[in-house]
Trainee: 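Next up is a structure, given as structure tokens.
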Protein chains: 2
Amino acid sequence: MAKAENIPAPAVRRLSLYLRQLEIFSAADHRTVSSRQLGEALCISDAQVRKDLAYFGQFGHPGIGYRVAELIPRVRHILGTDKKSNVLLVGVGNLGRALISFRGFIKRGFDVVAVFDKDPEKVGAIVAGPIPLRIQPLSEMPTTVRQYAIRVGILAVPAIAAQGVAEEMIAAGIRGILNFAPVTLQVGPEVGVASVDLAVHLEQLSFQLTALSTAAT
Amino acid sequence: MAKAENIPAPAVRRLSLYLRQLEIFSAADHRTVSSRQLGEALCISDAQVRKDLAYFGQFGHPGIGYRVAELIPRVRHILGTDKKSNVLLVGVGNLGRALISFRGFIKRGFDVVAVFDKDPEKVGAIVAGPIPLRIQPLSEMPTTVRQYAIRVGILAVPAIAAQGVAEEMIAAGIRGILNFAPVTLQVGPEVGVASVDLAVHLEQLSFQLTALSTAAT
DNA sequence: CTATGTGAACAGCTTCACAGCG
DNA sequence: CGCTGTGAAGCTGTTCACATAG
């Protein structure tokens, strides 16, 4: 076991993958799972799996492996997803709409309970989703954040507006931002940011392909 | 400069970010940019920026920095995004629809030119987007891939179907997959995979927040 | 005999610091 | 004098190999 700050970031990333895979094994009625099985399913070495899990505690049973039903709740607790949590979303464009109706969030314990947009034309409209939501103006964010105890926000606004909106979110009390705008947000150390740049991922694939065809010696 | 296989993967990831930022500087009429300016905008050290760019060639001018108008096309060429490329998408659910109408892809040189779905009820329907597209059955994929010279596909189907559909994509000639399904795809080494798991990102933020509040000693 | 947990060895990425060029 | 390009140093994450437990 180790203090949170000593745990490598990649290990935390993989922890989510372990949980995902454990749930798959659980659905397939596996009682126990070895580090090797877990690793093979995720293309990770068995040593890596053991080391990663060991950062967070002693979960395994020598000779047996990891008991699925025991490990899942432990990992959920570590990730803080053992309780449901409320999130908000800013930016009801194409992407925003899709994210609101995305079922994968609920499945993992995240409920989108409020949505905001700068455009006065959109404010007041109802957007469909797991729960129908009224689009609110940004000015209501501080109140709503307190009311629903929201800590995490999804940012799906155009690049040009992203930094400004992020600052409003932080001022409203948000402490974690999932950013879909193609910009690097400048935030203080008290705020966590995870960025998803869809175009960047395509560029990575494009590079791999051109690199491969160039390397055809 | 170095061979493609010697370049660290993180350097390639950052290369996309440099391009994004260079375009921002270009729009702001900066003629030249130093490694320090580029780094500050992206929260990366200046040494890192120089080393990364040096992996791909000698682009800088001592005493001056990097000429924006010169570097942008070079980086685009390295990433293989100096020419437009056609991509396809499989899975016309909520997320799929949003990705089809997502403008960010076009802006970076990727055109979604064909969409597929397994559901016979959906096949034949037209989906709106930059170009209206007819939803095709998977059986037409090999032909369409050849016709449009498609190399990269976006996978936006449910987790349970993802591995099977990925295999069909590869059989049809796809060599790069942008995967939105929450599973680890098992593919051969000739295929590139980039995975985006939206829930995993939220879990990372959740962990950071719980770790922070726990560390409040 | 199987499978974990872990110190030690290793590899790879990042930072440093400076030579060299404009 | 400013800023790049780069070997060398430093550091962090991964792999190895084995003691240990069931």
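Order of the sequence lines fixes the chain letters, A, B, ..., with proteins taken first and strands second; residue numbering starts at 1 for each chain. Values below: all heavy atoms of this structure, side chains included; hydrogens, waters and symmetry mates excluded.
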Trainee: Among the candidates C:dG20, D:dT6, C:dT6, find the nucleotide nearest to the side-chain atoms of A:Q58.
Mentor: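 Closest nucleotide among those given: C:dT6.
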Trainee: Just how far, in rounded Å, is P of C:dA3 from CG of A:L38?
Mentor: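 After rounding, the reported distance stands at 14 Å.
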Trainee: To the nearest Å, how far apart are B:D46 CG and C:dC18 C1'?
Mentor: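 My rounded result for the distance is 14 Å.
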Trainee: Hey, which sits more toward the 5' end of DNA chain D by its nearest nucleotide, A:P62 or B:R36?
Mentor: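 Mapping each residue to its closest nucleotide by heavy atoms, the 5'-most match is B:R36.
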Trainee: Side-chain N or O of B:S35 less than 4.0 angstrom from OP1 or OP2 on D:dC3?
Mentor: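 So the side chain of B:S35 is outside the cut-off, no N or O lying under 4.0 Å from OP1 or OP2 of D:dC3.
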Trainee: With a cut-off of less than 4.0 Å, is there a side-chain N or O of B:Q48 near OP1 or OP2 of C:dC13?
Mentor: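 No, outside the criterion.
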Trainee: Specify the separation, in whole Å, of atom CZ of B:F59 and atom C1' of D:dT6.
Mentor: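 These atoms are roughly 16 Å apart.
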Trainee: Atom CD of A:Q37 to atom P of C:dT4: distance rounded to whole Å?
Mentor: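 To the nearest whole Å, that distance equals 9 Å.
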Trainee: Output the single nucleotide from C:dT14, D:dT4, D:dT14 whose closest atom is nearest the side chain of B:R14.
Mentor: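 Looking only at heavy atoms from C-beta outward on B:R14, the closest nucleotide is C:dT14.
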Trainee: Rounded to the Å, how far apart are B:Y55 OH and D:dG5 P?
Mentor: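 The answer, rounded to whole Å, is 13 Å.
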Trainee: Assess whether a salt bridge exists between A:R108 and B:E203, defined as any Lys/Arg side-chain N lying under 4.0 Å from an Asp/Glu carboxylate O.
Mentor: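 Answer for the salt bridge query: yes.
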Trainee: Any side-chain N or O of A:Y66 under 4.0 Å from OP1/OP2 of C:dT2?
Mentor: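 For A:Y66, the contact criterion (side-chain N or O under 4.0 Å from OP1 or OP2 of C:dT2) is not met.
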Trainee: Do A:L155 and A:L185 have side-chain heavy atoms sitting under 4.5 Å apart?
Mentor: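 The answer is yes, as the side chains (C-beta and beyond) meet within the 4.5 Å cut-off.
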Trainee: If you only use heavy atoms from C-beta on, which nucleotide in D:dT6, D:dT15, C:dG22 is closest to the side chain of A:S45?
Mentor: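 Of the options given, the side chain of A:S45 lies nearest D:dT15.
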Trainee: CG of A:L53 versus C1' of C:dA3: gap in Å, rounded?
Mentor: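 It works out to 13 Å between those atoms.
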Trainee: Taking A:S206's backbone N and O only, do any of them form a donor-acceptor pair with A:T210's side chain (distance below 3.5 Å, no angle check)?
Mentor: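 Judged by distance alone, yes, a pair lies under 3.5 Å.
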Trainee: Measure from CD1 on B:I7 to P on C:dC13 and round the result to the nearest Å.
Mentor: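 To the nearest whole Å, that distance equals 11 Å.
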Trainee: Pick base, sugar-phosphate or nothing for A:G63, based on heavy-atom distances below 4.0 Å to the nucleic acid.
Mentor: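 If one applies the 4.0 Å heavy-atom cut-off, A:G63 turns out to touch a base.
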Trainee: Nearest to the side chain of A:K51 - C:dT4, C:dA8, D:dG7?
Mentor: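 That would be C:dA8.
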Trainee: Report the nucleotide, chosen from D:dG22, C:dT6, D:dT14, that has the shortest atom-to-atom distance to any side-chain atom of A:R50.
Mentor: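 Among D:dG22, C:dT6, D:dT14, the one nearest the side chain of A:R50 is C:dT6.
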Trainee: Could you walk me through whether B:S195 and B:N179 pass the side chain to side chain donor-acceptor pair (under 3.5 Å) check?
Mentor: CA-CA 5 Å; B:S195 277; B:N179 171 41; 3.0 Å; yes
Trainee: Which nucleotide in the set D:dT6, C:dT4, D:dG13 lies at the smallest distance from any side-chain heavy atom of A:P8?
Mentor: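 For A:P8, the side-chain atoms sit closest to D:dG13.
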Trainee: Would you call the rings of B:F207 and A:F56 parallel, tilted or perpendicular, where under 30° means parallel and over 60° means perpendicular?
Mentor: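 Taking A:F56 first and then B:F207, their aromatic rings stand perpendicular (interplane angle over 60°).
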Trainee: Rounded to whole Å, please give me the gap between CG in B:N6 and P in C:dT14.
Mentor: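 Distance, rounded to whole Å: 15 Å.
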